[in-house]
Protein chains: 2
Amino acid sequence: MAKRGSYAKGVAKREEILTSALDVIAREGFRKASVREIADAVGLSQAGLLHYFGSKEQLFVEIMRKRDEVDTEHFDLDSSHYNPMREGYLRVIRHNSEVPGVVELFSRLAVEASDVEHPAHEYFLQRSALIRELFTKSIAEEQEAGRVTDKVDAEVLARILQAVSDGMQLQWLLDRDVDMAATVDALFTLLGAAPANTAASAPAGETSTADS
Amino acid sequence: MAKRGSYAKGVAKREEILTSALDVIAREGFRKASVREIADAVGLSQAGLLHYFGSKEQLFVEIMRKRDEVDTEHFDLDSSHYNPMREGYLRVIRHNSEVPGVVELFSRLAVEASDVEHPAHEYFLQRSALIRELFTKSIAEEQEAGRVTDKVDAEVLARILQAVSDGMQLQWLLDRDVDMAATVDALFTLLGAAPANTAASAPAGETSTADS
DNA sequence: GTCTATATTGAGATAGAC
DNA sequence: GTCTATCTCAATATAGAC
C-alpha cells in the first residue's frame, strides 16, 4: 500500500490503469477491444500500456480480476450463507446489465480461455471453482434445513446456478430486453427457497423482480 | 435435388462443403478456425471456398445452420411433447460432447453475434427463439397436466433450460470432465418435482437418466 | 469453378529515443 | 516510464489466369 519505491509506484499505476480500463469498457462498450483502444482510453500509447502488462491477453485477465475485486467489495459476494449469497449474486447480475461491455469481454474470454494454453485458462478454472464452492456450501446448508430441494446434489445445483448465469449473459447479449436477474431469481425460486423475505413459502412471482 | 443446371450443381456443392466442414471441425477441433484451414480440410483453396460463401462470417453461419439441420434430422428435435423433447435434447447434448470443435465454434459465434451488425445476429435470434418456443409449448402442456411445477412460467422455464445448456457448454469447454447432459437432466428433474411440498408428484429421478 | 498470387487491413509486439 | 516508429504476422478479401 505504501507508495515509496518505484516498485510500489508501478503497482499503483497498474491498479489505476485497470480501474480506468474497466470503467471505459463499462461505459463505452467493448467493441473491438484492442490494446490500442484501451490504451487511448486510459491515456497511454499502446506501447505504454503494454509496458505494464506484457501482452494483450495478460491485460485482459488482469482487467477481469480487477472486476472481481471491485464486485466482491461492492456487493457482499463472499457470504457462505444462502440468502446473503442469493441477494449478493442477484445484485451483481443487475449491475452487469449496466455494463454490457464488461459482460461481453468476460464471455468472449471465457470461450477463448477454454484452450489450456490460454493465459486466462487458470483464472477461469479457479474463479469458476471458487464460485461453485460458495454456492455449494450455502445450498447444502439450506438443504439440511429443508428449505431447498434435496432431489439434486448441492454440487449439481451450484453448477446449474452458475450455468444459468453464464447462459443468461449470452441470451442477454443477443437481446438486451431479457431480464437476467429475474430469470436467475426464478431459478432460485425453483430450488425451493422460501422467497427472499416472506415467512413461509409465498407466491414467488412477487418477491424479487429486479429492483434495478 | 435434381442436379441439372449450374445453379443446382452449385447448391449441391455448397451442401457438400458444409457437410465436410462440419465433419472436419467435429473431428479435428476448432483451433483458430480460419477460412484457410477449412478450405484445406475440404480440399479447396481459400479463394475457392470463399467463392461459395462470400465471407468468413457467412460461411460460419451456414456451417451452424447445417449443424442444426443434421441434428434435427438425427435426433427428433421438433417434437412439441415433453418427454420426446427432453430425450431429444439430451441426445443432442451427449452428441455435442463428442464434437468439441463444433461447440467451441458455436459459443464463439454466439458471443460475436451479439452485435446487431454481425451477419450471424439474425440467425442466433431466430434459432434461440425457436428453441424456446418448442420448450415453452411442451412445458406448458406438462404444467397443465400437473407434472411440471407451475411455480415459474413456462416461458421462463424454457429460458432457464436454454441458459443452462449454453452455460454448461462454457463450463465443459473449460473442463471436459464436466457432464453436460447429466447436469441438464438434473434440471429437468428439478422441474418435474414440486419442491418443498414433495408427496404429490411422481419421482422424477427415474424417468430419464442418461441412456448413454 | 477453381487456382495462384497479391492487396489490404489490422493487430500485437518490439526497438530505441527521450 | 512513456512515446514514436516500425516490424511481423496472420487473416480476409480480391484480381485475374486457366
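Sequence lines set the chain letters: A, B, ... in the order given, protein chains first and strands last, and positions in each chain run from 1.
A search for salt bridge (Lys or Arg N to Asp or Glu O under 4.0 Å) contacts involving D166(A) returns nothing, not counting sequence neighbours. Judged as a salt bridge (Lys or Arg N to Asp or Glu O under 4.0 Å), and not counting sequence neighbours, D175(A) has no contacts. For D78(A), the salt bridge (Lys or Arg N to Asp or Glu O under 4.0 Å) test picks out no residue, with sequence neighbours left out. Partners of D153(B) by salt bridge (Lys or Arg N to Asp or Glu O under 4.0 Å), not counting sequence neighbours: none found.
Residue pairs satisfying the salt bridge (charged side-chain N to carboxylate O under 4.0 Å, His left out) criterion with at least one member in residues 118-128 of chain B, sequence neighbours excluded, are listed as follows: D68(B)-R127(B). Within the structure, ring pair (Phe, Tyr, Trp, His ring centres under 6.0 Å) contacts touching residues 98-136 of chain A (residues at least two apart or in different chains) are Y89(A)-F135(A), F106(A)-F124(A).
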Report all side-chain donor-acceptor pairs from residues 16-25 of chain A shorter than 3.5 Å, counting only partners two or more places apart or in another chain.
residue, atom, partner, partner atom, Å
T19(A), OG1, E15(A), O, 2.9
D23(A), OD2, R27(A), NH1, 2.6

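Contacts of residues 102-124 of chain A with DNA chain C (heavy atom under 4.0 Å): none.
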Contact state string [nucleotides 2-18 of chain D, B base, S sugar-phosphate only, - no protein heavy atom under 4.0 Å]: BBB-------BBBB---
